[in-house]
Amino acid sequence: MDLLELEERKLKEVKAELIADGTVFEKNKITKYDAKFFETVTLSNTLIKFFLFFSLSLYAAINLAGLTLSIIYEPDLSIDIIGTLVGLFIVCFIVYAIFRNINTNKKKEEFPIFIVGENFIFNFSDGVVETPKLFYTLSYESVEKIEFIIHGVKKKQLFGSVTFTFKVLDYTVTHALRYTNLTAIENFIKSNLPALLHKLVVDGKAVKNIKKNKNNKLIKNSLISLAILIIGIALFVVPYLLNFKSLALIVSCVILILTSLLVFFSSYLYTHFLVQGIVISSIFIIIGFCVPMLVIECSDVSIIDYIIQDPQILMATIFGIIGLCLYAYILKIYISRIHYILCKRKSR
C-alpha cells in the first residue's frame, strides 16, 4: 500500500515513527550531496503558460465585448449583467489559480531528489500539506523500482519522467520528476549504484531483461480508439445523409478522428499515459468551440447578431481554450516521442 493512501490518523502515527527512527528528519536545506536531480523547465512550459494567459485575457475581452454589444444594441433584452460578470470573474480566477503553478522559472528547481553516498533524500509529503523542512533519507536497498518514461531526445540526452519507488516499513513511497534529464540519472546509477540497474525500467522494459513486457493496455486503447473513430465518422455521415451542412460537426469529426489515431498509436509509442489527457482535451475543444458554433448555426442568425442577443454563449469557450492548449502540448510530446524512436533506430 502507498503511504499516501493511509487515513490521516494512521499517517500521523507512521510519520512519528519514521521521525523517531531517523528515516524522516528535519533540515532547512540540503547543501551537501553527491548528485541532485530535479524537474527541468522547457520551452513548452513557457509557451503553454503564455498561451493560456494570453488566451484567458482574450477570452475575458471577447466576453466583455459581447456583453457591451448586447447592452448597446439590445438594451431591452433581459440579460443578467451582474451574473455574467461574476461568472466571468469566477471562471478566470479558477483558470488562473490552476495554471499559474506551471513552472517557467529556470532558476527554480522543483521536487529535487538528492543522493548522498548510497542514500536518496527528498521532501516528505503527506499529499495535503507541504513540509519543505522534512526529508526522507532512504538507502539504495529500499529502492523497489526506478521507472523512466522517455519523452524525447535533446542534444543526445534523453528527457522524460522518472518515478522512484521505495519500500518504507510495510508501505511504498514514490517520488516523481515529471520532466528531467534521464541520461544523467542513468549514468550516475551505472557509475555509482550499479546494483540498481536490475530495478531500472525504461518504457516498460527492464534494462536487465531482454524480453519486453507485454503492453496490457493495447486492447483497451484499441477499443477506446475504435469507439472515438465511430463517433467521429457518425458526426460526418449522419448529417450528410440528412442533408445538414455544419462546419462545427465537420471540425468535431476531424478532431475525433485525429484523437482516435493518437489513442491507437499510444500503445506502440508508449504514450498510453497520455490517453486520458488527449481524450479529455478533445472533448473540451468540442464543448468550448464546436457546440457554441453548432448552436449559432442552427439559429440561422449571424455570429455577431447571436452574440448580441445571447453573450453568455461565449462563456463556454474557456473549455475550448484549455482543451486546445493541452491538446497542442500532448501533440508535442507525441512528436518528440516519434523523434526519439527514429533516432534510436538509426543508432542501431
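Since the model is a prediction, treat every value here as computed from it, not as a measurement. Numbers here simply count residues along the sequence, with the first being 1.
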Q: Tell me yes or no: between the side chains of Ser267 and Asn221, is some donor less than 3.5 Å from an acceptor?
A: yes
Q | Reported CG-to-CD distance for the pair Asn181 and Gln157, which is rounded to 0.5 angstrom | A | 5.0 Å
Return all side-chain donor-acceptor pairs below 3.5 angstrom for residues 101-108, not counting sequence neighbours, or 'none' if the list is empty.
| unit_1 | atom_1 | unit_2 | atom_2 | d |
| --- | --- | --- | --- | --- |
| Asn103 | OD1 | Asn105 | N | 3.1 |
| Asn103 | ND2 | Lys108 | O | 3.3 |
| Asn105 | OD1 | Lys107 | N | 3.0 |

Q) If we only count heavy atoms from C-beta on, is the Leu158 to Tyr340 side-chain gap below 4.5 Å? A) yes
Q) Would you say Ser70's side chain and Leu67's backbone share a donor-acceptor pair under 3.5 angstrom? A) no
Q) How close do Lys133 and Asn123 get, heavy atom to heavy atom, and via which atoms? A) N-ND2, 4.4 Å
Q: Please list all pairs passing the salt bridge (Lys or Arg N to Asp or Glu O under 4.0 Å) test where one or both residues lie in residues 37-50, with sequence neighbours left out.
A: Glu39-Arg178
Q) Do Phe111 and Leu3 share a hydrophobic cluster, counting only Ile, Leu, Val, Met, Phe, Trp and Tyr and linking them when any side-chain heavy atoms are less than 4.5 Å apart? A) yes
Q) Is the backbone N or O of Val301 less than 3.5 Å from a side-chain atom of Asp305, with the two atoms forming a donor-acceptor pair by type? A) no
**Q.** Minimum heavy-atom distance Ser281-Ile330, with the two atoms named
**A.** OG-CD1, 4.3 Å
**Q.** Nearest non-hydrogen partners of Ser222 and Leu218, listed with the distance
**A.** OG-O, 2.7 Å
(Q) Check whether Tyr334 reaches the backbone of Leu262 with its side chain - one donor and one acceptor, N or O, closer than 3.5 Å. (A) yes
Q. Are any side-chain N or O atoms of Thr180 and backbone N or O atoms of Leu177, one a donor and one an acceptor, separated by less than 3.5 Å?
A. no
Q.
When you measure from the side chain of Tyr270 to the backbone of Gly204, do you find a donor-acceptor pair of N or O atoms at a distance under 3.5 Å?
A. yes
**Q.** Same cluster (ILVMFWY, side-chain, under 4.5 Å), Val91 and Ile82
**A.** yes
**Q.** Under 3.5 Å: donor-acceptor pair, side chain of Ser191, backbone of Phe188
**A.** no
Q.
Using a 4.5 Å cut-off between side-chain heavy atoms of Ile, Leu, Val, Met, Phe, Trp and Tyr, which other residues end up in the same hydrophobic cluster as Tyr33?
A. Phe25, Ile30, Phe114, Val116, Ile121, Phe135
Q) Would you call Asp203-Arg337 a salt bridge at under 4.0 Å N-O? A) yes
Q. Under a 4.5 Å cut-off applied to non-hydrogen side-chain atoms, are Leu229 and Thr259 in contact?
A. no
Q. Cluster question for you: counting only ILVMFWY and a side-chain heavy-atom cut-off of under 4.5 Å, with indirect links fine, are Leu261 and Leu324 together?
A. yes
Table please: side-chain donor-acceptor pairs of residues 232-248 below 3.5 Å, with sequence neighbours left out.
| unit_1 | atom_1 | unit_2 | atom_2 | d |
| --- | --- | --- | --- | --- |
| Ser246 | OG | Ala248 | N | 3.4 |
| Ser246 | OG | Leu249 | N | 3.3 |
| Ser246 | OG | Glu297 | OE1 | 2.6 |

**Q.** Criterion ring pair (Phe, Tyr, Trp, His ring centres under 6.0 Å) against Phe120, the qualifying member of Phe166, Phe37, Tyr136
**A.** Phe166
**Q.** Pairs where residues 143-155 contributes a residue and the test salt bridge (Lys or Arg N to Asp or Glu O under 4.0 Å) is met, not counting sequence neighbours
**A.** Lys145-Glu147
Q) How far apart are the closest heavy atoms of Ser142 and Leu138, and which atoms are they? A) OG-CB, 3.4 Å
(Q) Looking at Ser44, is its backbone amide N or carbonyl O close enough to the side chain of Thr42 to form a donor-acceptor pair, meaning the two atoms are under 3.5 Å apart? (A) yes
**Q.** Tyr306 backbone acceptor or donor facing Asp310 side chain under 3.5 Å
**A.** no
Q: For the pair Asn187 (side chain) and Thr183 (backbone), establish whether a donor and an acceptor sit closer than 3.5 Å, ignoring hydrogens and angles.
A: yes
**Q.** Residues which pass salt bridge (Lys or Arg N to Asp or Glu O under 4.0 Å) with Lys32, listed by chain and number, not counting sequence neighbours
**A.** none
(Q) For Tyr140 versus Leu196, what's the shortest heavy-atom pair and its separation? (A) O-CD2, 3.5 Å
Q. Shared ILVMFWY cluster between Val86 and Leu64, side chains joined below 4.5 angstrom?
A. yes
Q: Starting at CD1 of Ile149, measure out to CG of Leu182 and round the result to the nearest 0.5 Å.
A: 9.5 Å
**Q.** Donor-acceptor contact below 3.5 Å, side chain Ser336 vs main chain Gly152
**A.** no
**Q.** Shortest non-hydrogen contact from Pro112 toward Phe122
**A.** O-CB, 3.8 Å
